[in-house]
Amino acid sequence: MKKAILYMIISTFSFSLMNSFVKYLDHIPTFEIVFFRTIGSLVLATAYILIKGIPILGNNRKFMMFRALAGIIAMSLFFMSLKYLPVGTAVSLRYLAPIYAAIFAVFLLKERLKPIQWFLFLFAFAGVLVLKGFDQNINSTGLLLVLAASVFSGLVYVIIRKIGNSDHPLVIVNYFMFVGTIVGALLSINNWVIPIGKDWLLLLSLGIFGFFGQVFMTKAFQIAKTNLVAPLKYIEVIFTIMVGIFWFGDIYSLWSLLGILMIVTALIANVIIGKR
C-alpha cells in the first residue's frame with residue numbers, strides 16, 4: 001500500500017505540474033497546447049508499446065476512436081477554462097466527471113447506483129453552486145467550459161469501461177494521443193504562435209508529465225484496491241491549489257474553499273461507497 005501511495009503522489013504531482021504549465025502558457029492558443037501535450041505522450045507511449053511488442057492497433061478500434069474524440073474535446077475545453085479560472089478551481093470542477101460517468105453508465109451500460117450516491121452527487125453540485133453563487137470572482141465562461149469538459153470526461157470513463165480489458169491501457173491512451181496530435185496540429189495551423197525561450201521547455205514537458213502521471217496512476221491501481229487508491233487522485237486538487245497560490249498568486253475566498261471541499265468530499269465518499 002505504501003508503494004501505491006507513493007505512485008499516486010508522483011502521478012498527482014505530475015498532473016498538477018502539467019496543468020500549471022498549461023495555465024502559465026495562456027498566451028499560447030489552446031489547440032497548439034493540445035498538440036504539444038499529445039505529441040510528447042504519443043512518442044513515449046508508442047516507443048513503450050513497440051519495445052514491449054504490444055499490438056499497436058488494438059481490438060476495439062471503433063470505441064477507442066470514440067474515446068479519443070471525447071477525450072480531445074474534454075482536454076480542449078479544460079485547457080480553455082484555465083484561461084478564465086484559477087487552476088485549482090478548474091481542476092476541482094473537472095473532477096465532477098465521475099458523476100456524469102455514473103449517470104451515463106445508468107443509461108448506456110444499465111448499471112445501478114445506490115441511493116446514497118445520488119445524494120452525494122447532489123451534494124457535489126451544491127458545492128458548485130456555493131462556488132459560483134457566493135464567489136463573484138468565478139468567471140461564468142470558465143465555469144461553463146470546465147463543466148462541459150467534465151461531461152465529456154465522464155463519457156470517456158464510460159467508453160473505457162465499455163472497452164474493458166480487451167485492449168492494453170497504453171494502446172487506448174495511444175489512440176487518444178494520436179488523434180490529439182492530428183487535431184491539435186490541424187486546428188492550430190492558422191493561429192500558430194512561435195514559442196519563445198522557456199515556452200519551448202514548458203510545452204515539450206507537457207507530454208512528459210502527462211505520460212508519467214498516467215503511468216504511475218496505472219501502477220498504483222495495479223497493486224492496490226481501487227477503493228483505497230482512487231480517493232488519492234484528489235491530492236491533485238491540493239497540489240494544484242498550492243501551486244496556484246504560490247506561482248500565480250491565486251486568491252481563494254472562504255466560499256471557494258468551501259465549495260471545493262464539498263465537491264471533493266462528495267466524490268471521495270462516492271468512490272469508497274461505490275466500490276463496496
Side-chain angles (χ1 to χ4, degrees), residues 11-12 14-19 21-22 29-52 54-82 90-91 94-98 100-101 104-105 108 145-146 148-188 203-222 233 236:
S11 172
T12 54
S14 296
F15 283 132
S16 297
L17 285 178
M18 184 191 73
N19 292 329
F21 290 167
V22 172
T30 297
F31 288 106
E32 186 174 341
I33 294 177
V34 169
F35 169 76
F36 279 102
R37 160 67 181 94
T38 53
I39 194 170
S41 292
L42 175 64
V43 171
L44 293 172
T46 300
Y48 183 90
I49 288 171
L50 293 177
I51 290 172
K52 293 295 185 179
I54 301 169
I56 197 167
L57 294 180
N59 301 307
N60 289 291
R61 299 170 190 175
K62 180 175 70 173
F63 282 109
M64 286 193 285
M65 284 298 297
F66 287 154
R67 179 264 183 266
L69 292 173
I72 291 304
I73 294 172
M75 178 189 289
S76 302
L77 291 171
F78 175 68
F79 286 173
M80 290 177 189
S81 75
L82 289 174
V91 168
R94 186 191 61 183
Y95 272 121
L96 289 170
Y100 298 114
F104 282 135
L108 300 179
L145 285 170
V146 76
S150 65
V151 171
F152 280 97
S153 292
L155 183 59
V156 166
Y157 295 161
V158 173
I159 296 174
I160 291 176
R161 198 177 304 167
K162 181 71 174 179
I163 295 172
N165 296 320
S166 59
D167 281 293
H168 192 282
L170 272 182
V171 174
I172 300 173
V173 170
N174 214 41
Y175 266 78
F176 173 34
M177 297 306 161
F178 176 76
V179 173
T181 299
I182 300 300
V183 171
L186 292 176
L187 295 182
S188 62
L203 284 167
L204 292 172
S205 71
L206 295 179
I208 297 173
F209 281 117
F211 178 78
F212 278 102
Q214 189 72 47
V215 168
F216 279 100
M217 182 176 67
T218 301
K219 284 179 175 291
F221 278 103
Q222 286 177 332
K233 291 190 302 180
E236 182 185 349

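Below, each value reflects all heavy atoms present in this structure, side chains not excepted, and no hydrogens, waters or symmetry copies.
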Taking atom [atom1] of [X] and atom [atom2] of [Y], what is their separation to the nearest 0.5 Å?
| X | Y | atom1 | atom2 | result |
| --- | --- | --- | --- | --- |
| L206 | F36 | CG | CZ | 9.0 Å |
| T38 | F211 | OG1 | CZ | 14.0 Å |
| S166 | N60 | OG | CG | 3.5 Å |

Who are the side chain to side chain contact (heavy atoms under 4.5 Å, CB included) partners of [X], not counting sequence neighbours?
| X | value |
| --- | --- |
| F216 | Y7, I10, S11, F212, K219 |
| V171 | I49, I54, M64, H168, Y175 |
| Y157 | A97, P98, A101 |

According to salt bridge (Lys or Arg N to Asp or Glu O under 4.0 Å), who are the partners of R161, at least two apart in sequence or on a separate chain?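 Salt bridge (Lys or Arg N to Asp or Glu O under 4.0 Å) check on R161 returns E111.
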
I'd like to check the ring-ring contact (aromatic ring centres under 6.0 Å, His included) partners of [X]; sequence neighbours left out, ordered by chain and number.
| X | result |
| --- | --- |
| F63 | none |
| Y100 | F125 |
| Y95 | Y234 |
| F104 | none |

Applying salt bridge (charged side-chain N to carboxylate O under 4.0 Å, His left out), which residue pairs with at least one partner in residues 32-51 are found, sequence neighbours left out?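 Not a single pair qualifies under salt bridge (charged side-chain N to carboxylate O under 4.0 Å, His left out).
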
Please list all pairs meeting salt bridge (charged side-chain N to carboxylate O under 4.0 Å, His left out) that have one or both residues in residues 59-74, counting only residues at least two apart or in different chains. none

Between F209 and F21, is the ring centre distance below 6.0 Å? yes

Show me, pair by pair, the donor-acceptor contacts under 3.5 angstrom made by side chains of residues 72-79, not counting sequence neighbours?
{"from": "S76", "atom 1": "OG", "to": "I72", "atom 2": "O", "distance (Å)": "2.8"}

Going by the rule side chain to side chain donor-acceptor pair (under 3.5 Å), which residues pair with T46 if we only count those two or more places apart in sequence or in a different chain? N174

Atom of A90, atom of V146 and distance for their closest heavy-atom approach: O-CG2, 3.3 Å

